[in-house]
Amino acid sequence: MIKFSGTRADYGKFYADIMRANGHDFYRHVNPETLHRQTKIYHKFYPEIITELEAVAEAIGLPPEFILYEDIAAPVDHWRDRIHQRNHGCTIFAIHENGQTFVGRNYDWLPAAREFYEGYKLEIKGANPYFAFSDGSVWRHHTGKKTRKPYFEDAINDKGLYIGLTFSHIDQWGYGILPAHFIRYVAEKCQTTRQALNAFAKLPGAIPKNFLIADAKGNTAVVEHATRRYAIIRPNQNGVLIHTNHCLAPELQVLDRIRDHNPTTNSFVRYAETEHLISLQMPNFQFTDIWPILRRSHYVYNPETIWSLALELSSQRFNIYHDTAMGQKQQKFSFDK
């Protein structure tokens, strides 16, 4: 687990050091229109990111527009131009029972990224301390170390608030906050699921994603974000909430292209297996029931699983399981250490 403590500017230098150490191939061009629109949005809604990226530019010795374009604007252009493979898959679930809130999550995307996975413990001045997890921003056309940098897919803060994302197959885009920055915004600024949902209500989104949010008091929700609108999914009557990669909200299912993008998708099977395995442990679900669902399942755990999280938010009991060349490893983590 990589640890950081300091100001926003310090975090920018920390971020720069990670990229420089891995020989990162920095952008040397911009799309002025996209950069202008995105910078305007970030200055309004999340100026802290601008502060960090300007510190990166200073540390690297590049014009700020190159760093800003890479981190807040280029992903919009990539999505608009559909520079993405369509066979991503992740599984995530939350359970609230007997006063406890459990979260289980398998991150399944690009197997090569298991070589670049990192966990971070971040204490940025003025923000909630939080743990965050990244595949090193490795995607299917760029699997070398030159793309390694923190780009968070999950976060859990010291208030017991969790947020994690899964891939969406909605073909829309817009100018707005990027998914990994939604993760950071919620972790840094919110204490409860209600506050996180209020943040989604005011922040414009750039790229479709599904976000599962859960807090220590048991309030859980999924935001299926289609950039121009979003839907909120709530748990069933047993307090169980599951999401994979297909839309659950009827009003968004008409936009869902998952079968077009990947006719052999196992998103529906992973959802059904998760639901079945959880039901076998109900009632009286326990922390130790998370592990078999994540790691002994047939579809939820698969060859593309890079890391798994098992969390109990009420008591802040946290485990992470990750794959290495030497096999699966387990690590406990907490804010006390």
query = So among Ile213, Thr193, Leu309, Thr101, which one has a side chain to side chain contact (heavy atoms under 4.5 Å, CB included) with Tyr162?
reply = Leu309

query = Are Leu178 and Val76 close enough, and set up right, to give a side chain to side chain contact (heavy atoms under 4.5 Å, CB included), and what steps lead you there?
reply = CA-CA 8 Å; Leu178 295 174; Val76 176; 4.0 Å; yes

ask   = Is a side-chain donor or acceptor of Glu273 paired with a backbone partner of His298 at a separation under 3.5 angstrom?
value = yes

ask   = Does a donor on one side chain and an acceptor on the other come within less than 3.5 Å for Asp71 and Tyr42?
value = no

ask   = If only atom types and distance count, is the side chain of Gln330 paired as donor or acceptor with the main-chain N or O of Lys332 below 3.5 Å?
value = no

inquiry  = Using the rule that Ile, Leu, Val, Met, Phe, Trp and Tyr join whenever any side-chain heavy atoms are under 4.5 Å apart, tell me whether Val186 and Leu122 fall into a single cluster.
reply    = yes

task = Tell me whether the centres of the aromatic rings in Phe200 and Phe211 are closer together than 6.0 Å.
result = yes

request  = Just jot down the side chain to side chain contact (heavy atoms under 4.5 Å, CB included) partners of Ser134, sequence neighbours excluded, or say none.
outcome  = Tyr120, Tyr151, Phe152

key: From CG (Asp256) to CD1 (Ile258), nearest 0.5 Å   = 5.5 Å

request  = Check whether Phe133 and Tyr321 end up in the same hydrophobic cluster, where Ile, Leu, Val, Met, Phe, Trp and Tyr are linked by side-chain heavy atoms less than 4.5 Å apart.
outcome  = no

ask   = Checking side chain to side chain contact (heavy atoms under 4.5 Å, CB included) for the pair Ser334/Gln316: CA distance, chi angles, key distance, verdict?
value = CA-CA 7 Å; Ser334 72; Gln316 296 205 1; over 6 Å; no

ask   = What do you reckon, are the aromatic ring centroids of Phe102 and Phe93 less than 6.0 Å apart?
value = no

task = Go through the side-chain N and O atoms of Arg270 and Thr91 and say whether any donor and acceptor fall under 3.5 Å apart.
result = yes

inquiry  = Check whether Asn245 reaches the backbone of Phe167 with its side chain - one donor and one acceptor, N or O, closer than 3.5 Å.
reply    = yes

ask   = How long is the span from the SG atom in Cys190 to the CG atom in Asn128, to the nearest 0.5 Å?
value = 8.0 Å

task = Examine Leu294 and Leu241 and state if one hydrophobic cluster contains both, with Ile, Leu, Val, Met, Phe, Trp and Tyr joined whenever side-chain heavy atoms are less than 4.5 Å apart.
result = yes

ask   = In terms of the angle between their ring planes, are Tyr11 and Phe4 parallel, tilted or perpendicular, with boundaries placed at 30° and 60°?
value = perpendicular

request  = For Glu33, enumerate each residue passing the salt bridge (Lys or Arg N to Asp or Glu O under 4.0 Å) test, keeping only those at least two apart in sequence or located in another chain.
outcome  = Arg37

message = Hydrogens and angles aside, do Asn262 and Thr264 bring a side-chain donor and acceptor to less than 3.5 Å of each other?
response = yes

ask   = Sub-3.5 Å donor-acceptor pair from the side chain of Asn106 to the main-chain atoms of Thr305, do we have one?
value = no

Side-chain donor or acceptor of Glu97 paired with backbone N/O of Asn238 under 3.5 Å = no

message = Please tell me whether Asp135 and Tyr107 have a donor and an acceptor in their side chains that are separated by less than 3.5 angstrom.
response = yes

query = Using the benzene-type ring in the case of Trp, are the ring centres of Phe66 and Tyr69 under 6.0 Å apart?
reply = no

key: Shared hydrophobic cluster, Met1 / Trp307 (ILVMFWY, side-chain heavy atoms < 4.5 Å)   = yes

message = Name the residue from Ile306, Leu165, Ile183 that meets the side chain to side chain contact (heavy atoms under 4.5 Å, CB included) definition with Glu153.
response = Leu165

request  = Quick one: pull up CD1 in Ile232 and CD in Glu224 and give me the separation to the nearest 0.5 Å.
outcome  = 10.5 Å

ask   = Hey, what do you get for CG (Leu313) to CG (Asn157), rounding to the nearest 0.5 Å?
value = 9.5 Å

task = Find out if a path of hydrophobic residues (ILVMFWY) with successive side-chain heavy-atom gaps under 4.5 Å connects Leu197 to Tyr230.
result = yes

ask   = Salt bridge or not for Glu52 and Arg184, using N-O below 4.0 Å?
value = yes

ask   = Do the side-chain N and O atoms of Glu188 and Tyr46 include a donor-acceptor pair separated by under 3.5 angstrom?
value = yes

ask   = Between Phe14 and Ile2, does a side chain to side chain contact (heavy atoms under 4.5 Å, CB included) hold up when you go through it step by step?
value = CA-CA 11 Å; Phe14 166 81; Ile2 297 174; 3.7 Å; yes

Can you give each donor-acceptor pair under 3.5 Å made by side-chain atoms of residues 278-293, sequence neighbours left out, with the distance rounded to 0.1 Å?
unit_1, atom_1, unit_2, atom_2, d
Ser279, OG, His276, O, 2.5
Asn284, OD1, Asn98, ND2, 3.1
Asp289, OD2, Gln286, N, 2.8

ask   = For Ala310, does its backbone N or O pair with a side-chain atom of Arg105 as donor and acceptor, under 3.5 Å?
value = no

request  = Rounded to the nearest 0.5 Å, what's the gap from CZ on Arg80 to CD1 on Ile207? Could you check?
outcome  = 11.0 Å

message = Between Phe333 and Phe318 (judged by ring centroids, cut-off 6.0 Å), do the two rings come close enough to count as a pair?
response = yes

ask   = More than 12 foreign heavy atoms under 6.0 Å from NZ of Lys189: is that the case here?
value = yes

note = Rounding to 0.5 Å, atoms CD1 (Ile242) and CD1 (Ile233) come to a distance of 12.5 Å

